[in-house]
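Proteins get letters first, then strands, A, B, ... in listed order; numbering begins at 1 in each.
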Amino acid sequence: VGIFEQTAPPLPPELPRDPEWLAPPDDVVPAAFPLQLVLARGDEVAILVHGGLAYPTGFGFSFALRRRRGGQDENDPIHAWHEVAREGAIPAEALRFGIQFADGGKATVFDHARLFRSRERPPGPALVQRGGTGSGRGWDLEFWVWPLPPEGPVAFVCEWPLYQLELRRQVIDAAVIREAAAKARRLWPQEQQ
Amino acid sequence: VSFFEPPPAPPPAQAEPSASPEWRSPPDNQLPVSLPLLLPLAQTDEFALWARGFSVYRNGLSFALNLVRRHPLADPLTNPFLAGVHPGADGFRFGIEDAAGGKATNLDQPWRQRDGADPRPPVLCPHGGGGNLRHLTTRYWLWPLPPPGKLTFACAWQAAGIDETQTAIETEPIRAVAEEVVELWPERHSQGGWSGSYRIG
C-alpha cells in the first residue's frame with residue numbers, strides 16, 4: 001500500500017452560519033414591505049431608505065445616496081464609517097446614519113467595527129451594512145437590522161454636517177415590518193451544519 | 001541626496017469620469033421608487049431563486065436575483081451568476097420578455113459589444129452583487145422601462161434540476177411610479193458609448 005493514498009472521501013464543504021444579529025437567515029424567503037423615506041433632499045445631496053424586506057429575525061433595506069458632484073475619497077460615506085474603528089471618534093465629514101426602535105434602543109453605522117469584533121450578542125438592536133455598489137455620485141448600500149422592532153415607530157435618522165444636513169428623523173410603524181415578517185417563509189427544515 | 005527621496009507630486013485631479021451609457025446602469029441623479037414586491041421564481045429541495053428589491057427609475061428598472069442553496073457550494077467558481085462560466089445548455093439561464101415581444105437574457109452580455117453602437121433594447125445588465133457559498137445576489141438593470149402589459153421573468157437551470165419556469169407581472173405599477181421619480185439635478189454628459197465608468201462590484 002502506498003503512502004499517498006486517499007483514505008477517506010473529501011469532507012463536504014462547511015460554512016458556519018453568521019450569528020443572527022449580523023446577517024439575515026439564508027434559509028428564509030423574506031417578505032417585502034413598503035418603505036420609501038426620503039431622509040434628505042438638497043441641492044447637493046439626497047438620501048433615501050427604501051425596499052424593505054422582513055425576516056423572522058429582523059429586516060433589511062436599501063440606502064440610496066446621491067450627490068450632485070462626485071465626492072472626494074475621504075468623505076465617501078462608507079470610508080468614513082470605517083475610520084471610526086481606527087480613530088475612535090466620528091470624523092467631522094462623516095455621514096451619520098442610524099435607526100431607533102420605540103423602546104429607545106438604537107444602532108448606528110458607527111457600531112459596525114464593534115459588532116464584527118465581538119462574538120457577544122449585542123444588548124440592543126444592530127445595524128449592519130452588508131454590501132452595496134457605488135461611486136462618488138451614487139451609493140446603493142444594503143443594510144440589515146436585528147432584531148424585529150417592538151410595536152411603535154421605527155425611526156431612520158441621518159445628519160451630515162459636511163453638507164449642512166441637519167438631523168432628520170423619519171419613521172414607519174413597526175407593525176408594517178412585523179406583519180410582513182409573519183409572511184416570511186422558511187425554505188427547508190433547519191439542519192445542523 | 002538621501003536614499004529615501006520624497007515621492008513625486010501627485011498628478012492634478014482628473015475630471016470626473018463621464019456617466020455610463022443609460023443602458024449600462026441606473027442613472028445616478030435620481031432617487032428610485034421601490035415596489036414592495038418579491039417574486040419567487042423557482043424552488044427545489046436544494047435551491048430557491050427569487051427576484052426582489054424592485055427599484056423603479058424614469059428610464060428603467062433595477063432588481064436583484066437571490067439564489068440560496070441548502071448545502072454550501074463546494075466550488076465558488078461554479079457560481080451560476082458568473083457570466084460565461086456555464087455556457088453549456090444545462091447552465092443557469094435567466095431572462096425577461098416584455099409585452100412587445102422584446103427579450104433580454106443573461107447570455108446577451110451587451111457590454112461586450114465592440115462596435116460602439118448601443119445595444120438593441122431591451123437590455124439586461126448585471127450591476128453589482130455578492131454572496132457566499134450558500135447565497136448569491138446579482139442586481140440587474142433592465143433598460144428601458146418595460147412597455148404596458150406583462151413583463152415575464154424566465155429562468156432555467158437544468159444542471160440544478162430547475163426546468164424552465166416563467167413568472168409574469170403587470171408593468172402598470174412600474175410605469176405609474178416611474179412618473180413620480182424626480183431628477184435631482186442634471187445628468188452628467190456621456191461622452192459617447194464607451195468612455196463611461198462601469199460600476200461593477
Side-chain angles (χ1 to χ4, degrees), chain A residues 10 12-18 23-36 38 41-54 60-62 64-70 72 130-140 142 176 180 183-185 187-189 191 193, chain B residues 13 15-17 19-20 25-40 43-50 52-55 62-64 66 68-76 127-135 137 139 177 180 182 184-186 188 197-201:
Chain A
E14 283 184 33
L15 182 66
R17 291 188 193 274
D18 287 320
D26 53 19
D27 56 356
V28 169
V29 183
F33 64 88
L35 176 65
Q36 180 84 18
V38 176
R41 170 89 200 272
D43 287 342
E44 290 291 327
V45 61
I47 295 170
L48 167 75
V49 293
H50 67 117
L53 284 177
F61 64 90
S62 300
L65 165 68
R66 302 288 182 265
R67 281 185 287 183
R68 183 190 281 263
R69 285 169 251 274
Q72 301 296 317
R130 296 196 55 85
T133 60
S135 62
R137 287 171 181 255
W139 284 97
D140 288 283
E142 305 264 332
V176 174
K183 294 178 198 147
R185 180 167 61 86
L187 278 162
W188 27 70
E191 291 166 277
Q193 287 298 317
Chain B
E16 270 191 83
S20 299
S25 57
D28 58 12
N29 66 336
Q30 298 175 19
L31 288 178
V33 176
S34 266
L35 297 177
L37 174 65
L38 187 143
L39 273 189
Q43 189 180 335
T44 69
D45 282 346
E46 182 60 31
F47 298 96
L49 180 75
W50 62 87
R52 53 99 185 164
F54 289 81
S55 298
S62 166
F63 61 91
N66 266 57
V68 297
R69 58 179 72 225
R70 188 170 182 170
H71 301 98
L73 185 67
D75 176 5
H127 71 107
N132 63 22
L133 298 178
R134 218 183 258 117
H135 67 89
T137 298
R139 212 162 237 292
V177 298
E180 298 166 18
V182 182
L184 296 161
W185 35 74
R188 281 176 289 171
S197 67
Y198 299 137
R199 301 183 300 173
I200 301 173

- Please list, chain by chain and in numerical order, all residues satisfying side chain to side chain contact (heavy atoms under 4.5 Å, CB included) with Asn66(B), sequence neighbours excluded. Trp50(B), Arg52(B), Ala64(B), Thr137(B)
- Message: Checking Val177(B) now: which residues fulfil side chain to side chain contact (heavy atoms under 4.5 Å, CB included) with it, not counting sequence neighbours?
- Response: Val33(B), Leu35(B), Val56(B), Glu180(B)
- Item | Between Gly131(A), Gly60(A), Pro30(A), Ser62(A), the one whose heavy-atom pairs under 4.5 Å with chain B are most numerous | Pro30(A)
- Separation between CZ of Arg70(B) and CG of Leu187(A), rounded to the nearest 0.5 Å: 9.5 Å
- Query: Which heavy-atom pair separates Pro36(B) from Ala32(A) by the least distance, and what is that distance?
  - Reply: C-CB, 3.5 Å
- Work out which heavy atom in Asp28(B) is nearest to a heavy atom in Arg66(A); give both atom names and the distance. O-CD, 3.3 Å
- Note on the structure: Note: Pro32(B) and His50(A) closest approach over all heavy atoms is CG-CE1, 3.8 Å
- Query: Could you give the distance from CZ (Arg41(A)) to CG (Leu184(B)), rounded to the nearest 0.5 Å?
  - Reply: 5.0 Å
- Student check: side-chain heavy atoms of Leu35(A) and Ser34(B) closer than 4.5 Å: no
- For Arg68(A) and Pro186(B) the tightest heavy-atom approach is NH1-CD, 3.9 Å
- Query: Can you say whether Gln30(B) sits under 4.5 Å from chain A via the side chain, the backbone, both, or neither, judging by heavy atoms?
  - Reply: backbone
- Item | Residue Val49(A) versus chain B: region with a heavy atom under 4.5 Å | neither
- Item | Contacting moiety of Glu142(A), where chain B heavy atoms sit under 4.5 Å | side chain
- For chain B, which of Ala46(A), Ala31(A), Ala64(A) has the most heavy-atom pairs under 4.5 Å? Ala46(A)
- Item | Which atoms of Phe63(B) approach chain A - backbone, side chain, both or neither, heavy atom under 4.5 Å | neither
- Task: Please flag which part of Val176(A) lies under 4.5 Å from any non-hydrogen atom of chain B: side chain, backbone, both or neither.
- Result: neither
- How far does NE2 of His71(B) sit from CH2 of Trp188(A), to the nearest 0.5 angstrom? 9.0 Å
- Note on the structure: The reported gap from CZ in Arg185(A) to CG in Leu38(B) (rounded to nearest 0.5 angstrom) is 9.0 Å
- Message: Report which part of Arg69(B) has an atom under 4.5 Å of a heavy atom belonging to chain A: side chain, backbone, both, or neither.
- Response: backbone
